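Dumping the structure here so I can ask a few things about it.
Since the model is a prediction, treat every value here as computed from it, not as a measurement.
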Amino acid sequence: MDKNKIIIRDGYPDDFESIRSLFKDVWGYQRPKKYDEWRWFSAEKKKCRISLAWDGSYLVGAYMAGPVLITLGEEIVQGAHAMDVMVRAEYTGQLIFTRLGEHCKTRAQEEGFQVFYAFPNPLSFPGFVGRLKWGHIGDIGHWVRPIVPSKYERIPTWAGPLINGVTNILPKGPNVKADLKICELDMLEVGELLAKNSSLSGPISIYRDLDRIKWRYSKSTNYDYQCFGAFCSGKIEAIGIWGMRNESWGNVQDYRAHLTELIGSNLIAFQAIIRMVIESAFKREAMLLETATNVAPFEKLLRRAGFLKHRRMPMVLTLLDSKLKNSGIETYLKWAVFGGDIDTF
């Protein structure tokens with residue numbers, strides 16, 4: 001192959017099937033078509049930034065950045081999270097990853113993006129930090145709570161009931177009294193809560209308005225997300241969102257449930273919501289319930305509900321706008337990250 005013949009260009013909706021084919025060849029499985037349409041081409045205010053590498057008419061690599069707004073003090077800046085970065089195995093060593101990353105960053109700057117962030121897996125981490133020169137600003141805790149561990153394929157059939165029994169005695173958190181209701185995301189109360197700017201959200205975080213929440217937890221994801229609201233005297237105090245892949249994911253329906261949002265400021269309400277999510281995950285026979293966060297009050301609640309810190313997820317970041325250099329956005333301790341900020345949740 002001649003690396004000089006590799007062409008890097010923008011990706012468009014007409015490339016959809018080629019990107020899906022590339023994904024299947026690289027990762028060995030296929031996601032629901034509806035999910036990929038949502039993930040790559042459904043954002044309205046700011047389009048997903050897609051850079052593709054072609055060897056003639058053969059797609060050999062892709063690099064994508066999904067748009068998000070980020071709160072930075074009193075300012076809202078345009079960011080994006082890197083996702084679905086992939087290069088065919090036979091084309092590794094040709095600097096395609098680097099060329100794709102540089103192309104995506106340059107085009108994103110032209111389109112008004114100001115910062116990229118990502119949570120790369122161990123295989124792609126060296127590429128982000130070593131080749132693209134992104135900064136590794138810190139590590140986010142990945143929290144896991146076993147639900148029905150016998151769903152794990154490596155658990156022998158005979159051991160399943162025993163292991164499930166042990167899991168059943170794990171704490172679910174305090175059994176506090178709360179008026180919990182299933183909420184639709186377009187409920188007026190949900191919008192009002194989002195508008196309050198929770199005191200736990202931190203100075204730097206993903207901006208959560210109603211448009212963001214409704215898009216992020218769309219039915220098109222096929223994750224069957226569910227929102228619980230905690231009410232006091234008829235007034236909403238907090239919401240929590242969780243979900244897991246449904247049967248449309250076929251043989252990659254992994255039975256991993258995700259706690260993706262805790263929004264509000266009432267810690268007692270959060271305790272009740274977490275307990276309800278755990279009980280709901282049991283009803284859905286999830287293998288486990290997972291989330292990610294670096295927010296200390298949330299970490300404490302998770303521990304009390306039987307979650308364990310499984311590993312640390314590196315957070316990497318690169319600036320596209322030099323005006324943000326002294327803003328503090330590169331300081332890990334100023335960030336507040338939770339669940340749905342991770343694109344794979």
Are the side chain of W242 and the backbone N or O of T260 linked by a donor-acceptor pair below 3.5 Å?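 Not a single qualifying donor-acceptor pair exists.
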
Trace of the salt bridge (Lys or Arg N to Asp or Glu O under 4.0 Å) decision for R245 with D224: CA-CA 7 Å; R245 294 176 179 177; D224 289 350; over 6 Å; no

So, do V60 and V87 sit near enough that their side-chain heavy atoms are less than 4.5 Å apart?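 Result no, sub-4.5 Å side-chain heavy-atom pair not found.
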
Can you tell me how far CD of E153 sits from CG of D254, rounded to the nearest 0.5 angstrom?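 Answer rounded to 0.5 Å: 11.0 Å.
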
Hydrophobic clustering (ILVMFWY, side-chain heavy atoms < 4.5 Å, transitive) - are W158 and I163 grouped together?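 No.
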
As an exercise, state the distance from OH of Y217 to CG of L185, rounded to the nearest 0.5 Å.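 Between atom OH of Y217 and atom CG of L185 there are 9.0 Å.
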
Are Y58 and I6 linked, directly or through intermediate hydrophobic residues, by side-chain heavy-atom contacts shorter than 4.5 Å (ILVMFWY only)?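 Per the 4.5 Å side-chain linkage, I6 and Y58 are co-clustered.
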
Taking the six-membered ring for Trp, are Y117 and W134 ring centroids under 6.0 Å apart?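 No, the ring centres sit 6.0 Å or more apart.
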
Charged N-O contact under 4.0 Å between E111 and R107: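 Answer for the salt bridge query: yes.
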
If we only count heavy atoms from C-beta on, is the F116 to H81 side-chain gap below 4.5 Å?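 They are not in contact (no side-chain heavy atoms under 4.5 Å apart), so the answer is no.
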
Any side-chain heavy atom of V337 within less than 4.5 Å of one from M315?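 Yes, at least one pair of side-chain atoms sits under 4.5 Å.
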
Side-chain donor/acceptor of R31 to backbone N/O of R20, under 3.5 Å: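 Absent.
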
CE-CZ distance between M83 and R49, expressed to the nearest 0.5 angstrom: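 Those atoms lie 11.5 Å apart.
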
Could you tell me whether Y225 and H258 have their ring centroids closer than 6.0 angstrom?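 No, the ring centres sit 6.0 Å or more apart.
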
Ring center gap for Y35 and W38 short of 6.0 angstrom: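 Yes, they do, as the ring centres are separated by less than 6.0 Å.
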
So, K133 versus T318: side-chain donor-acceptor pair below 3.5 Å or not?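 Distance-only check fails for K133 and T318.
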
Before you tell me yes or no, could you show the steps for K181 and E189 under salt bridge (Lys or Arg N to Asp or Glu O under 4.0 Å), namely the whole-Å CA-CA distance, both residues' side-chain angles and the distance that decides it to 0.1 Å? CA-CA 12 Å; K181 300 177 183 178; E189 293 90 343; over 6 Å; no

Using a strict cut-off of less than 4.0 Å between a Lys/Arg side-chain nitrogen and an Asp/Glu carboxylate oxygen, indicate whether K235 and D179 qualify as a salt bridge.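 Result for this pair is no, no salt bridge flagged.
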
Criterion ring pair (Phe, Tyr, Trp, His ring centres under 6.0 Å) on F97 and F128, from CA distance to verdict: CA-CA 9 Å; F97 171 87; F128 278 98; 5.6 Å; yes

What I want to check is whether the side chains of Y91 and D55 have a donor and an acceptor closer together than 3.5 Å.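 Note: Y91 and D55 side chains meet the donor-acceptor criterion.
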
With salt bridge (Lys or Arg N to Asp or Glu O under 4.0 Å) as the test, would you mind laying out the steps for K45 and D211 before giving the verdict? CA-CA 10 Å; K45 292 184 178 179; D211 287 341; 3.1 Å; yes

Just wondering, more than 12 heavy atoms not from R131 lying within 6.0 Å of its CZ?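 No - once you tally the heavy atoms of other residues, nucleotides and ligands closer than 6.0 Å, there are 12 at most.
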
Salt-bridge contact R208-D341 (side-chain N to carboxylate O under 4.0 Å):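 Judged by the 4.0 Å cut-off on N to carboxylate O distance, R208 and D341 do form a salt bridge.
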
Please confirm whether the backbone N or O of L320 pairs with a side-chain atom of Q109, one donor and one acceptor, at under 3.5 Å?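 At least one qualifying donor-acceptor pair exists.
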
Check: I278 and F307 side chains under 4.5 Å, non-hydrogen atoms: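 Touching, per the 4.5 Å side-chain cut-off.
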
Under 6.0 Å from the six-membered ring centre of F41 and within 45° of its axis: does the NZ or CZ of K47 meet both?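 K47 over F41 ring: no.
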
L289 side, atom CG; L302 side, atom CG - distance, nearest 0.5 Å: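 That separation rounds to 8.5 Å.
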
R275 vs E279, salt bridge (Lys or Arg N to Asp or Glu O under 4.0 Å): CA-CA, chis, key distance, verdict: CA-CA 6 Å; R275 186 180 182 91; E279 292 173 351; 3.6 Å; yes

Looking at D10, T98, L52, which one forms a side-chain contact (heavy atoms from CB on, under 4.5 Å) with H103?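 Checked D10, T98, L52 against H103; only one passes side-chain contact (heavy atoms from CB on, under 4.5 Å): D10.
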
F16-W40 aromatic ring centre distance below 6.0 Å: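 Yes, the ring of F16 comes within the 6.0 Å limit of the ring of W40, centre to centre.
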
Once you round to the nearest 0.5 Å, how far does CG of D139 lie from CG of N294?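 Output value for this atom pair is 10.5 Å.
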
Do the side chain of T92 and the main chain of A89 share a donor and acceptor less than 3.5 angstrom apart?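 Yes: the side chain of T92 pairs with the backbone of A89.
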
Cluster question for you: counting only ILVMFWY and a side-chain heavy-atom cut-off of under 4.5 Å, with indirect links fine, are L317 and L333 together?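 The answer is yes; both residues are in one hydrophobic cluster.
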
Between the main-chain N or O of L22 and the side-chain N or O of D25, is there a donor-acceptor pair closer than 3.5 Å?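 Checking the backbone N and O of L22 against the side chain of D25, no donor-acceptor pair under 3.5 Å is found.
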
Residue pair I137 / V316, side-chain heavy-atom distance below 4.5 Å: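 SC-SC contact between I137 and V316 ruled out.
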
Verdict with supporting geometry, M276 and S280, side chain to side chain contact (heavy atoms under 4.5 Å, CB included): CA-CA 6 Å; M276 177 62 76; S280 299; 4.2 Å; yes

Backbone N or O of S18 within a donor-acceptor pair of the S21 side chain at under 3.5 Å?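 Checking the backbone N and O of S18 against the side chain of S21, no donor-acceptor pair under 3.5 Å is found.
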
Main-chain N/O of A269 paired with N266 side-chain donor or acceptor, under 3.5 Å: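 It does hold such a pair.
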
Are the aromatic rings of Y255 and Y152 close, with centres under 6.0 Å apart?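 Ring centroids of Y255 and Y152 are no less than 6.0 Å from each other.
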
Do other residues, nucleotides or ligands put more than 12 heavy atoms under 6.0 Å from the CD atom of E17?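 For E17, atom CD is crowded (more than 12 foreign heavy atoms under 6.0 Å).
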
Tell me whether R312 at atom CZ has more than 12 heavy atoms from other residues, nucleotides or ligands lying less than 6.0 Å away.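 At most 12 heavy atoms, drawn from other residues, nucleotides or ligands, come within 6.0 Å of this atom.
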
If we ignore hydrogens and angles and just use 3.5 Å, is the side chain of E261 paired with the main-chain N or O of G240 as donor and acceptor?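 Absent.
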
Taking the side chain as every heavy atom from C-beta outward, state whether W143 and E299 have any pair of such atoms under 4.5 Å apart.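 With C-beta onward as the side chain, the pair touches.
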
Run the numbers on M287 and I147 for side chain to side chain contact (heavy atoms under 4.5 Å, CB included), then give the verdict. CA-CA 5 Å; M287 177 177 66; I147 303 295; over 6 Å; no

Stepwise side chain to side chain contact (heavy atoms under 4.5 Å, CB included) check, T331 with I204: CA-CA 10 Å; T331 305; I204 304 178; over 6 Å; no

Backbone of L259 reached by a side-chain donor or acceptor of T291 within 3.5 Å: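 A pair under 3.5 Å: yes.
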
Quick check against the 3.5 Å criterion: does K46 have a side-chain atom that pairs as donor or acceptor with the backbone of A43?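 No, the answer is negative, given that no donor and acceptor are paired below the 3.5 Å cut-off.
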
Tell me if the NZ atom of K309 is crowded by more than 12 foreign heavy atoms within 6.0 Å.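 Yes - once you tally the heavy atoms of other residues, nucleotides and ligands closer than 6.0 Å, there are more than 12.
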
Crowding at CD, E110 (>12 non-hydrogen neighbours, <6.0 Å):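 Check passes, neighbour count above 12.
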
Sub-4.5 Å side-chain heavy-atom contact between D321 and V115: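 No, every pair of side-chain atoms sits at 4.5 Å or beyond.
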
Is the shortest heavy-atom distance from the side chain of R145 to the side chain of E290 under 4.5 Å?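 With C-beta onward as the side chain, the pair stays apart.
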
Go through N222 and K34 one step at a time and tell me if the side chain to side chain contact (heavy atoms under 4.5 Å, CB included) criterion holds. CA-CA 8 Å; N222 290 312; K34 191 175 180 182; 4.0 Å; yes

When the aromatic ring centroids of Y223 and F345 are compared, is their separation below 6.0 Å?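 Aromatic pair excluded; centres sit 6.0 Å or further apart.
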
Counting only heavy atoms not in N326, do more than 12 fall under 6.0 Å of its CG?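 12 or below, so no.
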
F270 vs F298 aromatic rings, parallel, tilted or perpendicular, using cut-offs 30° and 60°?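 F270 vs F298 ring planes: perpendicular.
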
Mind checking the OG-CD1 spacing from S205 to I70? Nearest 0.5 Å is all I need.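 Between atom OG of S205 and atom CD1 of I70 there are 9.0 Å.
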
